[in-house]
*Asks:* 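There's a structure below that I have some questions on.
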2 protein chains.
Amino acid sequence: MPTAKPTDASIDLEGRTASARRTRGGTKGLRITDVAAQAGVSPITVSRVFNNPASVAPETLERVRQVVQKLGYVPNRLAGGLSSARSRLIAAIVPTIAHSLFSETIQVFSETMSRAGYEVLLALSGYSDTNEESLLDTVLSRRPEGVLLTGVAHTESLRERLRNVGIPVVETWDMTDTPIDMLVGFSHYRIGEAVAERFLARGMKRPALIVASDARALARRAGFRDRLAQAGMTSVAEVIVAPPSSLATGKSALPQLLQGAPDVDAVFCGSDLLAIGALGAARQMGLQVPSQLAVCGFGDLDFATETTPQLTTVRVDGTRIGVSAARFLLDRFNGVHERAFVDVGFSVVERESA
Amino acid sequence: MPTAKPTDASIDLEGRTASARRTRGGTKGLRITDVAAQAGVSPITVSRVFNNPASVAPETLERVRQVVQKLGYVPNRLAGGLSSARSRLIAAIVPTIAHSLFSETIQVFSETMSRAGYEVLLALSGYSDTNEESLLDTVLSRRPEGVLLTGVAHTESLRERLRNVGIPVVETWDMTDTPIDMLVGFSHYRIGEAVAERFLARGMKRPALIVASDARALARRAGFRDRLAQAGMTSVAEVIVAPPSSLATGKSALPQLLQGAPDVDAVFCGSDLLAIGALGAARQMGLQVPSQLAVCGFGDLDFATETTPQLTTVRVDGTRIGVSAARFLLDRFNGVHERAFVDVGFSVVERESA
DNA sequence: CTGAAAGCGCTTACAG
DNA sequence: CTGAAAGCGCTTACAG
């Protein structure tokens, strides 16, 4: 009896290619044909059970699902995506998710997208442009169906390429007249102006800056300085630190600032972290906040204002940004082709000094 | 002249299947064959330029790279992954990245993995087990080469399935004697004990709890209560809140707690957020912290201790967890088959009261 | 409501 | 150092 065939065909993986050269393949190497064979239908029908169940007869549906359950079959989306040109993947390019700022946005963005059947590929760009450019290749190699960007994309070549890909793009957390596609953000420049105005209204004589040198922080700086210049304050003391900003840098930046300009009576910090660090330094130096030194931060951390009532801060609604960005992408997938553009604004929060 | 052929063949997409039924396909629909044709090599050579450049002659390498650059070709990893059974994808299953706790871990994990050529698929599980189970299917459909889990996986069926897939798994942020595979974490139970001990050493008479009802917080609660019971304190007042914990819940939980047990002189809160919220409430109630009421939090936020020196807190090194988890996975990919298991411990931090 | 054929864009395993 | 053939596991576009 040569070439005896296997007897137990219940989980028979015949049909496996003759040379069987590829051993691996995730989740037991189960394929759609295995499910199809067991359920007595064609692979296409199994495919439809996952992707368009309404088009399958209830009984067939049930039978296939039983087999899927029994075998523990999980479709291979690498194959599915390749075949359908639909990866069901959204790329989110973010400088960092540590220390909050963007984490709330990514959180709700991810929740909203996954409810709609998409997953989020997280790409951390740090704060360098060159990095962002090479990151884009990595990201595009997964053929995402949409992209969330943090900030308005910097280099023209990146913007150009993103436009060429032809997938929806949402820029967030910043503002521009010429977005690549869609935008949910706010103006950092106007925030700087608003904080300057607040300081002026409070009668501050010598406002100063502590900022990290990233694009958005520098835009806030520009708005701040321009507004002060309008009021005749053309020389503004400042300490510029390397991103990412941290408690420690804020802490060391304040003494440095005051050393060069001892009469400073208000500081606009590039982030809540820097502000909290500066406040710690102020405490150590015996400075009363805000009476001797007003401190203003920036961010979306309830934390900051809760723990530090004497802090003024600019609050941004990171949650709304994330939800809106997701909605805009999903609308596109549903054929809505408007060019969504939203300024979510900001608010300057100042607690009553207790 | 019927069937005239196109003249300009410089970016000629001939070879495209006759029926051309699939229009889409990302990044201009450029395929490896387009690059190969332009460079005068076979597709396999182009593939090697990306995946194993050392095996290609320097001149060929250069020529292919020029064409890639010129055309703006980005390989399709859906196809590559399907063909090679290597997705270069790592799944990270995390309850949430908002409000920090895990965000630092994910940040450094993602950085480390991407430096090694892997991308991170972020899957947010919330705090429900059932969710985690269905999330696993979604995640496995991408055929990740490794999985990072937050916490020790709950249901046995999930553990079972994960083991069957045969890819490396790292559980983090918790401790168990029977991990699925590898583990980088610490014992929540022992943290509870340690905080109880600290309170006892300080002579607290009536320690209490404010915790969210997630598995890990409840483990801390158990350690806390057991240790107090050893000291003869068998009745411990507590308020249990629904996760995720927040400032607001902490704020409302404290009055509730004190209403039922006015003599409480120490509270162990399930997280820094809860603790900060509770501190806010204490302030409003005119309670001195820590002299009248000691408050202890939990987390990895510099923030908490910096802004709130009167807070005692349990600190965990989220960064180390992320880096170690990444290293363990990468070791596996490099053929190191040890079953890595690390207890990173924790520390109770108490600032000198100023 | 269901299926046979062809193809998605890569890489493997040889062979030279 | 380079390439021709075959296959990875799905889905599309028909047709019935």
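Numbers restart at 1 for each chain; the letters A, B, ... are given by sequence-line order, proteins then strands.
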*Asks:* Whole angstroms only, please: what is the CG-C1' distance between L71(A) and dG9(D)?
*Replies:*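 Distance check: L71(A) CG to dG9(D) C1' gives 15 Å.
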
*Asks:* Roughly how many Å is it from CZ in R31(B) to C1' in dG9(C), rounded to a whole number?
*Replies:*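 The distance from CZ of R31(B) to C1' of dG9(C) comes to 8 Å, rounded to the nearest Å.
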
*Asks:* Which nucleotide, dG7(D), dT11(D), dC8(C), lies nearest any side-chain atom of L82(A)?
*Replies:*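 Of dG7(D), dT11(D), dC8(C), dC8(C) is nearest to the side chain of L82(A).
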
*Asks:* Under the rule for side chain to side chain contact (heavy atoms under 4.5 Å, CB included), what residues qualify as partners of T138(A), not counting sequence neighbours?
*Replies:*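 Here the qualifying residues are E119(B).
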
*Asks:* Can you sort out the partners of I167(B) under side chain to side chain contact (heavy atoms under 4.5 Å, CB included), two or more places apart, ordered by chain and number?
*Replies:*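 By the side chain to side chain contact (heavy atoms under 4.5 Å, CB included) rule, I167(B) matches P144(B), V147(B), V165(B).
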
*Asks:* Salt bridge (charged side-chain N to carboxylate O under 4.0 Å, His left out) with D331(A): which residues, sequence neighbours excluded?
*Replies:*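 If we apply the salt bridge (charged side-chain N to carboxylate O under 4.0 Å, His left out) test to D331(A), skipping adjacent residues, there are no hits.
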
*Asks:* Identify, between I44(B) and A79(B), the residue whose nearest nucleotide on DNA chain C lies closer to the 5' end.
*Replies:*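 Upstream on the strand: A79(B).
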
*Asks:* For E156(B), enumerate each residue passing the salt bridge (charged side-chain N to carboxylate O under 4.0 Å, His left out) test, keeping only those at least two apart in sequence or located in another chain.
*Replies:*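 Here the qualifying residues are R159(B), R163(B).
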
*Asks:* List the atom pairs, donor and acceptor, that lie under 3.5 Å between side-chain atoms in residues 40-49 of chain A and the rest of the protein, sequence neighbours left out.
*Replies:*
unit_1: S42(A); atom_1: OG; unit_2: T45(A); atom_2: OG1; d: 3.4
unit_1: S47(A); atom_1: OG; unit_2: N51(A); atom_2: ND2; d: 3.4

*Asks:* Would you write out the dot-bracket form of DNA chain C, 5' to 3', with Watson-Crick and G-U pairs under 3.5 Å, [ ] for crossing pairs, | for pairs to other strands and . for unpaired bases?
*Replies:* |||.||||||||.|||

*Asks:* For residues E133(B) and S157(B), is any side-chain donor paired with an opposing acceptor at under 3.5 Å?
*Replies:*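 There is such a pair between these side chains.
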
*Asks:* Expressed in angstrom and rounded to an integer, what is the separation of R63(B) atom CZ from dC1(D) atom P?
*Replies:*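 Result: 14 Å.
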
*Asks:* Rounded to whole angstrom units, what separation is found between the CG atom of N76(B) and the P atom of dT11(D)?
*Replies:*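 The distance from CG of N76(B) to P of dT11(D) comes to 15 Å, rounded to the nearest Å.
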
*Asks:* Restricting to side chain to side chain contact (heavy atoms under 4.5 Å, CB included), what partner residues turn up for S114(B), sequence neighbours left out?
*Replies:*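 Listed in chain order: nothing, the list is empty.
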
*Asks:* Starting from P on dG7(D), measure out to CG on L78(B) and report it in whole angstrom.
*Replies:*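 To the nearest whole Å, that distance equals 22 Å.
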
*Asks:* May I ask you to list the residues of residues 48-57 of chain B, by number, that have any heavy atom positioned under 4.0 Å from an atom of DNA chain C?
*Replies:*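 Hits under 4.0 Å, by residue number: N51(B).
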
*Asks:* Does dT2(D) have OP1 or OP2 sitting under 4.0 Å from an N or O in the side chain of T45(B)?
*Replies:*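 The answer is no; no side-chain N or O of T45(B) sits under 4.0 Å from OP1 or OP2.
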
*Asks:* Atom CZ of R77(B) and atom P of dC10(C): how far apart are they, to the nearest Å?
*Replies:*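 Value for this atom pair: 12 Å.
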
*Asks:* Send over the distance from R88(A) CZ to dC8(C) P, rounded to a whole Å.
*Replies:*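 Interatomic distance, CZ of R88(A) to P of dC8(C): 21 Å.
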
*Asks:* Residues two or more places apart in sequence or in another chain: which of them pass side chain to side chain contact (heavy atoms under 4.5 Å, CB included) with P168(B)?
*Replies:*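 D181(B), M182(B), L329(B), R332(B), F333(B).
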
*Asks:* Need one value for T60(A): base, sugar-phosphate or nothing, where a base atom within 4.0 Å counts as base even if backbone is also close, heavy atoms only.
*Replies:*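 If one applies the 4.0 Å heavy-atom cut-off, T60(A) turns out to touch the sugar-phosphate alone, with no base involved.
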
*Asks:* When you check the phosphate oxygens OP1 and OP2 of dC10(D), does a side-chain N or O of Y73(A) lie under 4.0 Å from one of them?
*Replies:*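 Answer yes for this pair, as a side-chain N or O of Y73(A) is under 4.0 Å from OP1 or OP2.
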
*Asks:* Starting at atom CD1 of I32(A), determine the distance to atom C1' of dC8(D), rounded to an integer number of angstrom.
*Replies:*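 So the CD1-C1' distance, I32(A) to dC8(D), works out to 14 Å.
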
*Asks:* Give me the atom names and distance for the closest heavy-atom approach of V94(B) to I97(B).
*Replies:*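 That closest heavy-atom pairing would be CG1-CG2, 4.4 Å.
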
*Asks:* Phosphate oxygens OP1/OP2 of dT11(C): is one of them under 4.0 Å from a side-chain N or O of S83(B)?
*Replies:*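 Looking at the OP1 and OP2 atoms of dT11(C), neither is under 4.0 Å from any side-chain N or O of S83(B).
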
